[in-house]
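The structure displayed is predicted, hence computed values, not measured ones.
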Amino acid sequence: NKSTVKKPNEVFDYPFLPDIISTVEFNCSGELLATGDKGGRVVIFQREQESKNRLLSRGEYNVYSTFQSHEPEFDYLKSLEIEEKINKIRWLPQQNAAHFLLSANDKTIKLWKISERDKRAEGYNLKDEDGRLRDQFRITTLRVPVLMPMDLMVEASPRRIFANAHTYHINSISVNSDYETYLSADDLRINLWHLEITDRSFNIVDIKPANMEELTEVITAAECHPHQCNAFVYSSSKGTIRLCDMRAAALCDRHSKFFEEPEDPSSRSFFSEIISSISDVKFSHSGRYMMTRDYLSVKVWDLNMENRPVETYQVHEYLRSKLCSLYENDCIFDKFECCWNGSDSAIMTGSYNNFFRMFDRNTRRDITLEASRENSKPRAMLKPRKVCTGGKRKKDEISVDSLDFNKKILHTAWHPKENVIAVAATNNLYIFQDKIN
Amino acid sequence: MFSKGTKRKFSDGGEEISDESLLGARVASSYSLQRQSLLDMSLIKLQLCHMLVEPNLCRSVLIANTVRQIQEEMTHDGSWHMVTEAFCSAGQSPSERLVATEVLCRSREQDAEPKLFSVISYEGCREEEVVADETLCSVSVSDTVSNVCLAGRMGQCWEKSELSGVERDEEALEDSRLGSGEDEEIDTEDGASTESPKTIGQVFGTFEIKNGSPGPDSALEELFSDVDTSYYDLDTMLTGMQSAPKMGPYDLLDSLAPSHSSPSIVSTPNCRSDLNELDHIMEIIVGS
């Protein structure tokens, strides 16, 4: 099998995003790429149509629409700010000419409709071209307004606002395969919504203890199964994943499957629990596997086997000896995401120093790449990077101690069909793709 | 800053020390020091928080679990005993010691989980700092604060941002460890008023729909339930005070009402000044 992990050799760099990117998501066709940022803004990129010119590669992504999704709020009762930072964006499958996406901050989810307008009606009876109402007495004939072409305008309008259902911070949203419902998860609860109904949601998971003093575990991520609309998973801060079946009960507090890898007693430390906390969980496109990201590794689980993952990939094992420092500077709490490629043959996740890692599940090869403007010119090939873990440092290697822990790649996305990836490095968005030869 | 002036003894200090065991002791000591340092760091992390934004619950839970692990291990080692003895050796009164150890030790016999401290102060507590339910703590650091009660309520850590009152208390704890024994700042059960948290919860627990039967203060509850506290929040902010988290509209959806019938005994917050607060609140509401 040809390895799907090739070095991407085209770089598109979009440095003009003003704020730290907090989420990246391709839509179902891959034509659109949405980013959310810390300032509550959503920027959508659209891929240009394939150029007829064979010398050029497939289309570039250009800005398609920008809008302010969430504003900062103030909770007067708690005297606390509610950040406008977009935690997650999820696209709805496209059903007509317009595009719909869900965007969520800590407390509120919004359904946005993004539609194009390239025609304008002209020749109204009751108003002038500039909108002023016509004097009634001057209307002597009736005419039918005509649609005239105009410059393309992309409008984003909020169609639904799903608010007031989360006491704690929303960490995940996931659209169900029935295309009618979606779930939203916060630290302690998961709610099921109907896309049409905003004043009601069903609580399907509640792990809040009656006595908050007993709280030792929180929900960290949740996702609907890609094909079975009754199933979903949620991960916890203790490194466990629960698969739940909504047909079993209204409140899915009892799981159908419980995934946990037994701890290796030889590597136990005070940080064991923290690094086992799962920061992201993603089903494979096939629906047969799921992938979890904890602090040091990515694990692939077969849904039929609960007692251990089928594959484990070390992302940056060299950090294991630095856990105390990483705890001190809070980096140990960074929540890295992970993603599958379209065929589920490769997975990708981010690391520090603007490094990101890709693993080929078939060949077991892996590669480390850097998303940085200094090291990659547009349309240049990316060089693989290597971290030196000890001993003599070879040329081009970077030692662990010179890694920049402020440059973290938490959010990455893979095009659903092609070898195009989007990597968010703080304020910068990088899109890498293979060149057609 | 967190004082590290506690003396440390080896748990088997009475034995003759050979070279081997000396090395082992050094390693153990180094481990103890590291562990202590980790504990200190964790406690500081739990205290520091963003004032305006709610702290990350996942992070708080993970840090608290780490602290718990360390405490458990130290308890097994017997070195926990050393730490608490160190508190005592600083010349505190027994009641202060009780509170001080409560900070880091388990506070209930039946409960296996040692509690973390959080700070509750009711002195000069204004109306806006209501405790909505017993798992929320109301913290205010007013200019007249003199009674700071340490209560081992983990729940309160979750429901609110830890405020600078906690830092103040940390200092107070430190001071007391060094023997200055400021009675004022560390409140004890001895001086506490006998009002139970149940009453507190009922008096101030107006914003949550409770399943429990209404107590004698239900009338007060109803009275408070309509009060708009936003004005007082503004006032609080302007005067640089901290205010407690309130139950937001979202919490009304929370049908899990904590039972008032199981207060944590040792961690009873100081309720001594409740009556004064009540008067104060009534004054504000009535607008006299």
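Of the atoms belonging to A:Asp330, heavy atoms from both backbone and side chain fall under 4.5 Å from chain B. Neither the backbone nor the side chain of B:Gln34 comes within less than 4.5 Å of any heavy atom in chain A. Heavy-atom distances place the side chain of A:Phe333, and not its backbone, under 4.5 Å from chain B. Heavy atoms closer than 4.5 Å to chain B are found nowhere in A:Ser201, neither backbone nor side chain. Contacts between A:Ser237 and chain B at a heavy-atom distance below 4.5 Å involve backbone atoms as well as side-chain atoms. Using a 4.5 Å cut-off between heavy atoms, A:Tyr327 touches chain B through backbone and side chain atoms alike.
Taking each heavy atom of A:Leu188 and A:Glu217 in turn, the nearest pair found is CD2-O, 4.1 Å.
The existence of a salt bridge linking B:Arg35 and B:Asp77 is confirmed by a sub-4.0 Å separation between a basic side-chain nitrogen and an acidic carboxylate oxygen.
Under 3.5 Å, the side chains of A:Ser69 and A:Ser103 contain a donor-acceptor pair of N or O atoms.
Ring geometry for A:His316 versus A:Tyr352: interplanar angle under 30°, hence parallel rather than tilted (30 to 60°).
Residue-environment remark: NZ (A:Lys38) stays at or below the threshold of 12 foreign heavy atoms within 6.0 Å.
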